[in-house]
Number of protein chains: 2
Amino acid sequence: MRHRLKDVAERAGVSVKTVSNVVNGYQHVRADTRARVEEAIAALNYRPNLSARNLRKGRTGVIALAVPELDIPYFAELARHVVTAAADHDWTVLIHQTGGGSEQERKAASGIGDHMIDGLILSPLALTSDDLAALHGLPVVLLGERVDNGPADHIMIDNVAAAREITAHLIGLGRRRIAAIGSQRTPEGASARLRLAGYTAALAGAGIAYDDRLVAPAPAWHRADGAAAMRHLLATGVRPDAVFCFNDTLALGALRALHEAGLRVPEDVAVAGFDDIEDGRFSIPTLTTVAPDKERIARLAVELLAGRLGPDRDSPPRELVTPHHLALRESAPL
Amino acid sequence: MRHRLKDVAERAGVSVKTVSNVVNGYQHVRADTRARVEEAIAALNYRPNLSARNLRKGRTGVIALAVPELDIPYFAELARHVVTAAADHDWTVLIHQTGGGSEQERKAASGIGDHMIDGLILSPLALTSDDLAALHGLPVVLLGERVDNGPADHIMIDNVAAAREITAHLIGLGRRRIAAIGSQRTPEGASARLRLAGYTAALAGAGIAYDDRLVAPAPAWHRADGAAAMRHLLATGVRPDAVFCFNDTLALGALRALHEAGLRVPEDVAVAGFDDIEDGRFSIPTLTTVAPDKERIARLAVELLAGRLGPDRDSPPRELVTPHHLALRESAPL
DNA sequence: ACGGAGAGTTACAACGTTGCAGAAATACAC
DNA sequence: GTGTATTTCTGCAACGTTGTAACTCTCCGT
């Protein structure tokens, strides 16, 4: 049922290698030979065995993208862009879901990496440089926060600046009791720490005192966590007049909780998020947010990986900061 | 840097095959030999070369999941469940994005399938049975609408019944001018046709005349399409008092358009969707919808595939209808 | 006619792994 | 103590492909 080079060769009356040459587009094949071979390929519906080709070549044509959770819209959108960018290099993308645990991420790094993939684009939450070292030379591009001393290429946005800017925007609206939702103390919470730093920097810049009670932690960054954190803030009676949520799903949850509490957005409480996911453009109200250039991040990641697999094999690790902008919508308008 | 069985064998002072036996958990290996080999494996950080193993075994341990678009929440949620279910079989899931075009789906089927994957879970929009035949024996499980005469296992929900039930629910609220959003005339629109059939059946059952002007097409089923369709309905002056959207993202777009038009949901217009995506539980208002059991669909798909790779290799194709229920929320409450 | 260049084709080995058959060592039965 | 299982380990071949090197054949210039 499934045919091999040998079958094609027999049918076309040539050697196995000649068929291989035709399949790989080698130049010096006589036109009539090529035609005979192609006829045989078509007749037998021959497809190369990629495992064998990979074994021989040491390349698989597959790269992996490992993200914490696929059904967080930010990662789903990112995944779409990575798949698109990878297609330009004729790569297939193996999308892997780590669950954000260090165990799973380690497995994504070492386990999957084994020999099935040529490179890895990893959006780590919990990974340490030790885990990374265990890759033993598999080219890796990291997205998001820095892994300390990691010897890998790295793409990020300036989280502190972005958080500072959007907090400053809320201050510019005249708000003074600005809450933050999404803080995390765990080692995984690198993004949370940076965004919190931007938040406090903006407050300090405007001469507003930092109030611990206005900062709500969130174990994960899902809608439910955002809603719970918002409810908690409202219940403690610290009446914020604005909220900066560390990502958009938190913000959507917060919108929901505010709605249930009968508060108007943005009149009573302005809300800002982070990530610019599709939902935020259709939510009620639409969501003001920090918009990273996801398409560019994905493209850069694929290109860095391509470099590592090609000429830049041994060049020093690169660190790229991609631009972002504020998307000002109804929840905290201009 | 990257070691092979041979390197481990030399270090442990045994044959290559013995190392292979240890790696594969073969029983009859003396304890001290096993220990020596394991020490060597650890010391060299040996990892099997999967390409070689696959070549030898004819199995790859990778299954593919092909969906039209990853950033449609329904598919992202489904993907998460499939990844989880596949992990129980020690399978890695290669997630593939087809874009919904028949060309891409064909490629997902034939191109990717070549020898890299053991099986395919495909959520087709445009695939015909011819495309399916081109797979030449690759086990496939189809999700969603029927591919005519396809010789593959198939999991679906009863779209007609589900659409009829939720439309009947709207009728039960006393609504009489019930619009539908999402109809499609293209060959890809199988789901749309079935849901439309359920909608018309419910109207007929209640003695309500079908009004063509209340049925709005949507080229795709994104939020933007839902919003555009809703705006169109409102602009034509046919004042619906309820809308059944053929999926949740359409419904979220419709909610947005209704909000912009100053109409209250559900007081002025009740809204229902289809899919029960996470967003719908936090939107304002929360979304009444048809809830398929995505976790079960994913688990069944993986199990059917496991069967095809094992004992049920040649059993006749199975067709499974999974249950659904109505999730009644604020946009069209009980 | 002869040498040389290049086009066209081929045989062979290797990529790293595992199934098979069997050798060597050990245990067991009588 | 001999014969028979059983455990433990090994060498070889094969999975399907491609790189290397070599071979044949044609064509050209002299």
Side-chain angles (χ1 to χ4, degrees), chain A residues 1-38 40-41 44-62 111 113-118 136-138, chain B residues 1-41 44-62 90 111 113-118 136-138:
Chain A
M1 184 103 271
R2 199 124 233 181
H3 298 282
R4 303 156 299 159
L5 279 184
K6 194 177 164 208
D7 304 314
V8 178
E10 276 167 13
R11 190 177 217 273
V14 296
S15 77
V16 168
K17 190 66 227 277
T18 296
V19 180
S20 169
N21 287 337
V22 169
V23 170
N24 291 282
Y26 181 67
Q27 288 219 330
H28 301 302
V29 179
R30 239 175 35 226
D32 63 323
T33 311
R34 181 185 300 277
R36 267 209 330 283
V37 171
E38 277 167 352
I41 287 177
L44 298 178
N45 192 252
Y46 166 77
R47 307 274 168 178
N49 179 320
L50 297 185
S51 285
R53 178 179 283 176
N54 299 341
L55 172 60
R56 186 59 238 238
K57 295 227 212 193
R59 284 279 184 93
T60 67
V62 177
D114 283 349
H115 291 265
M116 288 290 287
I117 62 176
D118 294 339
H136 273 121
L138 180 78
Chain B
M1 183 103 273
R2 201 124 232 182
H3 298 281
R4 303 154 300 158
L5 279 184
K6 196 178 163 206
D7 303 314
V8 179
E10 277 168 12
R11 189 177 216 274
V14 296
S15 78
V16 167
K17 190 64 228 282
T18 298
V19 180
S20 170
N21 286 337
V22 170
V23 170
N24 290 283
Y26 181 66
Q27 288 218 330
H28 301 303
V29 179
R30 238 174 36 224
D32 64 322
T33 311
R34 181 185 301 277
R36 269 211 325 286
V37 170
E38 277 168 352
E39 183 279 330
I41 288 176
L44 298 178
N45 192 251
Y46 165 78
R47 308 275 168 176
N49 180 322
L50 296 186
S51 285
R53 179 179 284 175
N54 299 341
L55 172 59
R56 188 57 239 243
K57 300 237 241 191
R59 284 280 182 92
T60 67
V62 177
D90 286 324
D114 282 349
H115 290 266
M116 288 289 286
I117 62 175
D118 294 340
H136 271 120
L138 180 77

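The chains referred to below are lettered A, B, ... by the order of the sequence lines, with proteins before strands, and numbering in each begins at 1. Hydrogens, waters and symmetry mates play no part in the numbers below; they use all other heavy atoms, side chains included.
For the OP1/OP2 pair of C:dT17 and a distance below 4.0 Å, the side-chain nitrogens and oxygens of B:R4 include no atom meeting the criterion. Dashed line: the shortest gap from a side-chain N or O of B:S51 to OP1 or OP2 of C:dC15 is not under 4.0 Å. Side-chain N/O atoms of B:N21 include none lying less than 4.0 angstrom from OP1 or OP2 on C:dT18. The side chain of B:S20 places no N or O atom within less than 4.0 Å of a non-bridging phosphate oxygen (OP1 or OP2) of C:dT17. Not one side-chain nitrogen or oxygen of B:T18 sits closer than 4.0 Å to the OP1 or OP2 atom of D:dC9.
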Which pairs would a plain distance check flag for residues 27-34 of chain A, meaning a side-chain donor or acceptor within less than 3.5 Å of a matching protein atom at least two apart in sequence or in another chain?
residue, atom, partner, partner atom, Å
A:R30, NE, A:D32, OD1, 3.1
A:R34, NH2, A:Y26, O, 3.1

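Expressed to the nearest 0.5 Å, how far CG of B:N24 lies from CG of B:N21 amounts to 7.0 Å. We find the CD-CG distance between A:E10 and A:L5 to be 11.5 Å, quoted to the nearest 0.5 Å. Residue A:D118 holds its CG atom at 11.0 Å from NZ of A:K57, rounded to the nearest 0.5 Å.
Listed by chain and residue number, nothing satisfies the salt bridge (charged side-chain N to carboxylate O under 4.0 Å, His left out) test with B:R36 (two or more places apart in sequence, or in another chain). Under the side-chain hydrogen bond (donor to acceptor under 3.5 Å, both in side chains) criterion, B:R11 pairs with B:E39, not counting sequence neighbours. Remark: B:R53 engages no residue in a side-chain hydrogen bond (donor to acceptor under 3.5 Å, both in side chains) (not counting sequence neighbours).
In terms of heavy atoms, B:V37 sits closest to B:V8 at O-CG1, 4.1 Å. Among all heavy-atom pairs drawn from B:P48 and B:V23, the shortest one is CG-CG1, 4.3 Å. In plain terms, the two heavy atoms of A:L55 and B:S51 that are nearest each other are N-CB, 4.0 Å.
We find that CG of A:L55 is positioned 12 Å from P of D:dT17, with the value rounded to whole Å. The distance between atom CZ of A:R34 and atom P of C:dA7, rounded to the nearest whole Å, is 14 Å. In this structure, the OH atom of A:Y26 is 17 Å from the C1' atom of D:dT17, given to the nearest Å. Atom pair B:D32:CG and D:dT8:P shows a separation of 10 Å (rounding to whole Å applied). Following rounding to the nearest Å, A:R36 (CZ) and C:dT9 (C1') show an atom-to-atom distance of 11 Å. C:dA25 atom P lies 11 Å from atom CZ of B:R30, rounded to whole Å. In this structure, A:R47 places its CZ atom 22 Å from P of D:dC15, rounding to the nearest Å. Note: CG (A:L44) to C1' (D:dG16) measures 15 Å, nearest angstrom.
Rounded to 10°, the helix from C:dA1-D:dT30 to C:dC30-D:dG1 has 40° between the axis fitted to its first five pairs and the one fitted to its last five.
Side chains of B:V22 and B:E38 form a contact here, defined as non-hydrogen atoms less than 4.5 Å apart.
Heavy-atom distances under 4.0 Å link DNA chain C to A:V14, A:S15 of residues 5-15 of chain A, given in residue order.
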Which atom pairs link the protein and nucleotides 19-21 of chain C when you take only N or O atoms and keep those under 3.5 Å?
residue, atom, partner, partner atom, Å
C:dG19, O4', B:R56, NH2, 3.4
C:dG19, N7, B:K17, NZ, 3.1

